[in-house]
Amino acid sequence: MPKPNSSTDFIRAIVEEDMRTNKWGGKVHTRFPPEPNGYLHIGHAKSICLNFGIAQQYDGLCNLRFDDTNPVKEEQEYIDAIKEDIRWLGFDWEDREYYASDYFHQLYDWAVQMIRAGQAYVCDLDPEQTREYRGTLTESGKNSPYRDRSVEENLNLFERMKAGEFPDGTRTLRAKIDMAAANLNLRDPVMYRIIHANHHRTGDEWCIYPMYDFTHGQSDSIEGITHSICTLEFENHRPLYDWYIEALGIYHPQQIEFARLNLTYTVMSKRRLLELVEEKLVSGWDDPRMPTVCGLRRRGYSPAAIRNFCKVIGVAKMDSTIDIQLLEHCLREDLNKHSNRVMAAMRPLKLVIDNYPEDLVEEMEATNNPNDPSAGTRTVPFSRELYIERDDFREDPPKKFFRLGPGREVRLRYGYFVTCTDFIKDEKTGEITEIHCTYDPQTRGGESPPDGRKVKGTIHWVSAAHAKRAEVRLYDHLFTKDNPNDVPEEGDFKDNLNPNSLEILSDCLVEPSLATAAVGDRFQFERQGYFCVDPNSTSKKLVFNRTVSLRDSWAKIEKKGE
RNA sequence: UGGGGAAUAGUGUAACGGCAGCACGAGUGACUCUGAAUCACUUAGUCUAGGUUCAAAUCCUAGUUCCCCAACCA
């Protein structure tokens, strides 16, 4: 039961009120109803967390139901992916896996029942005529000339539609409601249309398929759903949802609408995501830059981070756009707790410790996770020749730069204090190619020296002889605009694609403990960010994705100085 | 010239006639073997105009702005 002091969103408030008044006999039963015509994205995750979360919280159930009423768009591939994603997010529909297509026979019988009751008729208008007859937002429509056919004729025609006698688009079954209704959904909506297409589950059994509106509420009703939660754009459909259920005289669930999730620098419509995939602007549905659940998974997001995000953003009816930084905050919060630290030089710069013995290799003890003592320690080999991060050396360091520069001393994490004595520069390119240092043997393990000397900076490193080579893929927002759909006249959201959303670093060096990392493993590369092993990774060639960078206050300082 | 919704710090989200709170962001400082994390502090809000009331984000009236709807998509 809800905690006494936690505030509840408006949907949970409705559920609690219904429990209090015993409206549904104390029962809570929700459903998540995806159409299998695309991959799930983080907006669906919000809905999944809401529907499954409410069921969990109030000792109810949540069904998984595929809304598969349009055979031309739906595929088994999507069904499999959707199921995998929901499970990965941590939710379980047990044996309650349903399909709207399971109800095709029942829906057909209900359609016949409505024809008999004079509530439905077969209409011979083609799609264009249907639109003309419907009227506009401000003008009422006019009745179809076929509206007053006899019950017998309607029964006969509908039967023949089902038998496949008519080509696609030539006839529909329509509900007889009101062509003058202010809500266009009530102007004799189409219940059934003719589609001679193979359905992924029912095969060629049907050539007429029910519309969403004639399917969804009845499916909810059949399954005994109490709270049918959907997004705002279905608010206009609620009167029709209610109308069908009343006309049929069946159990009546309550539809409740909430605002869908929008994220800055992200597009969230399945249509647009499909476009990116089909035009190969991303590598696929699971491209780590995609807001799809599989994309986030490959990127290195944890289910817990996504769940917490969905909790933190709340549920309301106001259209809103969540700052992507909140998602990243939730991500870092979880990864910080659970990721082991390792060292990696992404843009390696050679560092030689001139006074360190040539053949000596020391095994330095390193903490796996300073925020989680149970994560233990590991050893990292240290030797005379190392690689550090190129960013950690400046030939001419600006003020407040705490890292390495000529004559400067820094700590090598878990290693020694080193002082830069010299550096080699390629005069042609201006590139620094090598740094020379001396070390202080009294600072082993990174300990401060007895003389109380302090350094401001600690930098990471890998041993040249022991490091493993790796490819690292750095990701940035897929779009340059916080609202990618904000385009000038005649523009396209794809005009806002960020050309630098992927940067591949192929000559990175990582500490040897990473040689055995498995696909999906997550790490913090110290001082840089969170990374995970990409499915492309092999023992020959390690590949990491940067999930998210660490917060970087030095970058802010430096930017301000510009 | 229709109908349905929604308006609270920069972004989200609470407060259900009785002290406008929380989170993220941003800023400042402390601490630090990660310029991370952590900790402390600061910043900033009720769409507008009237009205009811001892008291209004909340109730009433009128406006303004934004979103959705004219697929045989969902």
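Predicted model only: the values in this text are computed from it and were never measured.
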| query | Would the Y99(A) and F66(A) ring centres measure less than 6.0 Å apart? | reply | yes

| message | Parallel, tilted or perpendicular, judged at 30° and 60°: which one describes the rings of Y209(A) and H199(A)? | response | parallel

| Charged N to carboxylate O below 4.0 Å: is that the case for R134(A) and D188(A)? | no

| message | Restricting to side-chain hydrogen bond (donor to acceptor under 3.5 Å, both in side chains), what partner residues turn up for S302(A), sequence neighbours left out? | response | D334(A)

| task | Respond yes when some side-chain nitrogen or oxygen of K311(A) is under 4.0 Å from OP1 or OP2 of C24(B), and no when none is. | result | no

| field | Which residues share a ring-ring contact (aromatic ring centres under 6.0 Å, His included) with Y133(A), sequence neighbours left out | value | none

| note | A correct 5'-to-3' footprint of nucleotides 36-45 of chain B, with B, S and - meaning base, sugar-phosphate only and no protein heavy atom under 4.0 Å, is SS--------

| remark: Applying salt bridge (Lys or Arg N to Asp or Glu O under 4.0 Å) to R260(A) and not counting sequence neighbours gives E233(A)

| note | Intra- and inter-strand pairing of RNA chain B, written as dot-bracket with Watson-Crick and G-U pairs under 3.5 Å and | for the latter, reads .((((((..((((....[..))))((((((.......))))))...(((((..]....))))))))))).....

| T264(A) vs U11(B): side-chain N/O to OP1/OP2 distance below 4.0 Å | no

| Parallel, tilted or perpendicular: which fits the ring planes of Y212(A) and F234(A), with parallel below 30° and perpendicular above 60°? | tilted

| Derivation and outcome, side chain to side chain donor-acceptor pair (under 3.5 Å), residues Q255(A) and Y241(A) | CA-CA 8 Å; Q255(A) 176 177 306; Y241(A) 180 107; 5.4 Å; no

| query | Can you give one letter per nucleotide of nucleotides 64-74 of chain B, going 5' to 3': B for a protein heavy atom under 4.0 Å from the base, S for sugar-phosphate only, - for none? | reply | ---SBBBSBSB

| Checking all strands, does Y209(A) fall into the base, sugar-phosphate, or nothing category for heavy-atom contacts under 4.0 angstrom? | nothing

| said: Going by the rule side-chain hydrogen bond (donor to acceptor under 3.5 Å, both in side chains), which residues pair with N63(A) if we only count those two or more places apart in sequence or in a different chain? | reply: H29(A), R96(A), E223(A)

| Would F525(A) and F531(A) count as a close aromatic pair, with their ring centres under 6.0 Å? | yes

Side-chain donor-acceptor pairs of residues 34-44 of chain A under 3.5 Å, sequence neighbours excluded:
residue, atom, partner, partner atom, Å
E35(A), OE1, N37(A), ND2, 2.8
N37(A), OD1, K270(A), NZ, 2.6
Y39(A), OH, E77(A), OE2, 2.7
H41(A), ND1, G43(A), N, 2.9
H41(A), ND1, H44(A), N, 3.4
H41(A), NE2, M268(A), O, 2.9
H44(A), ND1, H41(A), N, 2.9

| Between residues 451-461 of chain A and RNA chain B, which residues have a heavy-atom gap below 4.0 Å? | T458(A)

| request: List in chain and number order the residues that pass ring-ring contact (aromatic ring centres under 6.0 Å, His included) with Y416(A), two or more places apart in sequence or in another chain; answer none if no residue qualifies. | output: F382(A), Y439(A)

| task | Take R341(A) and T367(A), measure what side chain to side chain donor-acceptor pair (under 3.5 Å) needs, and give me the verdict at the end. | result | CA-CA 7 Å; R341(A) 275 61 172 167; T367(A) 305; over 6 Å; no

| task | Please identify each residue that fulfils side-chain hydrogen bond (donor to acceptor under 3.5 Å, both in side chains) with R201(A), with sequence neighbours left out. | result | D102(A)

Atom pairs under 3.5 Å: protein N/O with N/O of nucleotides 8-10 of chain B:
none

